[in-house]
Amino acid sequence: QVQLVESGGGLVQPGGSLRISCVASGRTFSAYHIGWFRHAPGKEREFVSALRWSGDNTYYTNYANSVKGRFTISRDNAKNTVYLRMNSLKPDDTAVYYCAATMSGGNLDSAAAYDYWGQGTQVTVSS
């Protein structure tokens with residue numbers, strides 16, 4: 001069973017920056033894709049960002065309109081880790097952030113595409 005563990009969340013002021021991480025352990029995937037989702041109280045879970053990996057050094061990224069230009073997704077293959085760098089944070093970014101993984105790909109902005117999920121890390125943006 002693949003395990004995904006998020007870390008790096010915390011309290012940050014509006015306009016600040018934070019980087020959260022997703023570390024995979026257990027089964028090693030020859031090719032995998034990662035998505036970030038977030039869930040705030042009283043709101044539906046929403047797509048944040050995704051990284052589509054071809055198996056070589058070619059990859060594609062996608063972002064929700066609400067975070068375009070502010071968030072950046074990246075990966076470090078040697079550490080089995082995917083990062084989400086969040087800049088210019090707003091109070092509306094406050095949520096529990098979850099990473100998810102799939103081998104098959106598809107529409108990566110949909111939660112249905114993913115097979116494995118982490119437990120989440122809390123990000124709070126407070127003025």
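Quick note: residue numbers are just sequence positions, from 1.
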Is it the case that one hydrophobic cluster holds both [X] and [Y], taking links as side-chain heavy atoms less than 4.5 Å apart, direct or via other members?
X: V96; Y: F47; result: yes
X: Y83; Y: Y116; result: no
X: F71; Y: W36; result: yes
X: V125; Y: L84; result: yes

If you take all heavy atoms of [X] and [Y], which pair is closest and at what distance?
X: S88; Y: S17; answer: N-OG, 4.3 Å
X: G8; Y: T121; answer: N-OG1, 4.1 Å
X: T81; Y: S21; answer: CG2-CB, 4.1 Å

Just by distance, do the side chain of [X] and the backbone of [Y] share a donor-acceptor pair under 3.5 Å?
X: E6; Y: Q119; value: yes
X: Y63; Y: I73; value: yes
X: N107; Y: D109; value: no

[atom1]-[atom2] distance between [X] and [Y], expressed to the nearest 0.5 angstrom:
X: T94; Y: K43; atom1: OG1; atom2: NZ; answer: 8.5 Å
X: M103; Y: H33; atom1: CE; atom2: NE2; answer: 8.5 Å
X: L4; Y: Y114; atom1: CG; atom2: OH; answer: 11.5 Å
X: T61; Y: L108; atom1: OG1; atom2: CG; answer: 11.5 Å
X: I34; Y: S49; atom1: CD1; atom2: OG; answer: 11.0 Å

Legend entry - Q122, CD atom: more than 12 neighbouring heavy atoms under 6.0 Å: yes

With side chains defined as the heavy atoms from C-beta onward, is the minimum distance between [X] and [Y] less than 4.5 Å?
X: M86; Y: I20; answer: yes
X: S7; Y: V23; answer: no
X: W53; Y: V82; answer: no

Inset, instruction - For the residue pair S126 and T124, confirm or rule out a side-chain donor-acceptor distance under 3.5 Å. - result: no

Legend entry - Plane angle bin for F37 and W117 - parallel if under 30°, tilted between 30 and 60°, otherwise perpendicular: tilted

Inset, instruction - Report yes or no: is the cationic atom of R52 (NZ for Lys, CZ for Arg) under 6.0 Å from the centre of the six-membered ring of Y60, at an angle within 45° of the ring normal? - result: no

